Each structure stands twice: as structure tokens, then as C-alpha cells.
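Just so it is clear, the model here is predicted, and its values are computed rather than measured. We use all heavy atoms of the structure for the numbers below, so side chains are in, but hydrogens, waters and symmetry mates are not.
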2 protein chains.
Amino acid sequence: MSVANTEVSAQVTGPCGDDDCGLRELLDRLGDRWTMLVLVELAHGTRRFRELERAIPGISQRMLTVTTRRLCRDGLVERTAYATIPPQVEYRLSPLGRSMTGILTALADWSRDNKAAIGAARARWDATEGLSRSGGAS
Amino acid sequence: MSVANTEVSAQVTGPCGDDDCGLRELLDRLGDRWTMLVLVELAHGTRRFRELERAIPGISQRMLTVTTRRLCRDGLVERTAYATIPPQVEYRLSPLGRSMTGILTALADWSRDNKAAIGAARARWDATEGLSRSGGAS
DNA sequence: CCGAATCCCAAGCGATACTG
DNA sequence: CAGTATCGCTTGGGATTCGG
């Protein structure tokens, strides 16, 4: 999936009432704090509950449960439970889920690639803001 | 050890200790309800404040202000204010912001493309859940 | 027209404890 | 190990109001 799109020949089209383009649906689904991280981790391979928990620093047991269940419900992740002692449950990406890992990777790549630029922009903005707003902020 | 040895073949793939890959940073920045939608709208061309507000159904005036300011601070959007009467302010994507529109488009495409599949998966899940947990589903 | 400030509620999420 | 239930804090964000 080539997201390399340099051409943004964007006509200032009309109102384009359907501006969300389904993006909202997607954001409602994986716009939360953990969903994408779980997907990325599962993109590396099958993982057990505990492995996911360790692999995603900061996630709580509760949120891991909630997130994985939501992903199962949406058909992006498949769950396999073995009735062994101790219990063992495996999570893996479904074909549907795997079909979006490319985008996630692109996203992560972009983030890492432009992290510095954003940091610089912020520094610049903070300086500018001090000048244009509420003078004497420094 | 007392309990069963749980040494599974845990070499699924690399350790990838750094599992977030900077994704977290990105999500913190545009993981909220409106940021991506504003970016998509601006990908269509320069927009004035009021135009953005109308183009993004449901956004409040407050959130539009907050979101645009954040985007300016991060250097993804540029703002030009004309001291006319009535005031006029234009927002447009910066080169940095423009560099990620391709990913946003890919995201929106995927969402629209697989919306039906997700809906079907949900129906399936809800049925399964009804069997195994006797609990209602939303 | 543009936007900042205040008030306030609901959702998200984390901590903890408990069950199988 | 895997998962559930409860509680309480933190935050996003909607409605409204005031200023430039």
C-alpha cells in the first residue's frame, strides 16, 4: 500500500457535504488510547493475554480486556481459548485486521519521521505566542 | 514449579520492546475526535473559520478553535489573519501537514471499504455472545 | 466574522479486589 | 493465567457568553 502521495491537487471543491468520508466511523472504533497499539503488537504475531499486557507499557488489565473484546467484535482480531490449566488465550489478527496494518505502519513511520519537525514547530509557536498574545509571557 | 510449566514457544517474532514506535505520540496529537477531520477538510484547500465549522458537522465553535490552534502549534497548519471588517482568517495545510494527507486518505478509504465487513462481524459476534454469555449486547 | 473564557457533564480510563 | 466488577479521578468536549 503506497501512501506516498505527493500530489495533493486539491481543488477547493464545493461544500463536499460528505466530508467525513467514513473517517468518523473509523475514529470512533480505534481512536481511543489503546486500540491501535494492540493492533500493532498483534501485527507482529500471535500473542497471549499476558504477552500483550507486557508488550504495551501502561495498559491496564481492564483496558486490555475491553480493547481486545471490541476488536473481536469488529472482526479485526480472532481469539482462541484453550481450556488448560492454567488457562491460555491467544489473540491474532484476522485477515480483515491484517489488511489495515499497512496503514498503521505508515502512520507510525510518519510519526517517527516527523517527530523532530513537530517539536521544532512547537518551540517556534511557543515563542511566537509569547509575542502576540498576552505580552510579557516570558 | 508447582503449576504447569508455561513455557510456550514464545518466539513468535522479535522482541519489539519498543512497540509503540512513536504511534503513541501521534495518537496523543491527533487521536481526538476532530483533529483528523479538520486535516481532511483542509486537504481540500484553504478554508476560513466559518467554512470549516460548516464543513464539519457536529463540531462546536470551541473545539474548532482548540483544534486549529493545536494544529498550528504542531506546524501542520498555517494561519493567516486579515485585519479587515469583518475579520477573516484562513487556514491551510503546511507542507508538513500536506505530507500526511495521503495516509489520512488511505485511512478513510479503508474505513469505507470495510465498513460492511465490520458490521457483519458485529452481527456475528453479538449472536455468539448471546449464546455464550446470556447477556444482552448493544 | 473570529475566537477566548467559563461552566458543567459524560465518557474514558486506571486501581483495586475478586472469580474460575 | 485470563477475565469481571466496582469505584473514583481525569479529561474531552458541548453550551453559553463575552470581547475584538
Donor-acceptor pairs under 3.5 Å, side chain of residues 55-65 of chain B to any protein atom, not counting sequence neighbours: which ones?
from: B:S60; atom 1: OG; to: B:M63; atom 2: N; distance (Å): 3.2
from: B:T65; atom 1: OG1; to: B:Q61; atom 2: O; distance (Å): 3.1

Could you tell me whether A:Y91 contacts a base, only the sugar-phosphate backbone, or nothing, with contacts defined as non-hydrogen atoms closer than 4.0 Å?
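Contact class for A:Y91: sugar-phosphate only.
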
Does A:T65 reach a base, just sugar-phosphate, or nothing at all? Heavy atoms under 4.0 Å.
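If one applies the 4.0 Å heavy-atom cut-off, A:T65 turns out to touch a base.
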
Given D:dC1, D:dT4, D:dA2, the nucleotide with the shortest approach to the side chain of A:F49
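Of the options given, the side chain of A:F49 lies nearest D:dA2.
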
Quick check for you: among C:dC1, D:dT4, C:dA4, whose closest atom lies nearest to any side-chain atom of B:P87?
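Per side-chain heavy atoms of B:P87, the pick is C:dC1.
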
Salt bridge check: are A:R50 and A:E53 linked by an N-O gap of less than 4.0 Å?
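Answer for the salt bridge query: yes.
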
Charged N to carboxylate O under 4.0 angstrom, B:E90 versus B:R47?
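The answer is no: the pair does not qualify as a salt bridge.
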
Once base and sugar-phosphate atoms are separated, protein heavy atoms under 4.0 Å mark nucleotides 9-15 of chain D, 5' to 3', with B, S and - as ----BBB

How long is the line joining CD1 of A:I85 and C1' of D:dC1, in whole Å?
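My rounded result for the distance is 9 Å.
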
Identify the residue among B:D109, B:V40, B:L37 that makes a side-chain contact (heavy atoms from CB on, under 4.5 Å) with B:L104.
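Only one option passes, and that is B:V40.
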
At what distance, to the nearest 0.5 angstrom, does CG of A:L42 lie from CG of A:L76?
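It comes to 10.0 Å.
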
Do B:R70's NZ or CZ and the ring of B:W34 fall within the cation-pi criteria of under 6.0 Å and 45°?
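No, cation not above the ring by the 6.0 Å, 45° rule.
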
Could one point to a donor on the side chain of B:Q61 or the base of C:dA4 with an acceptor on the other under 3.5 Å away?
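Such a pair is found, so the answer is yes.
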
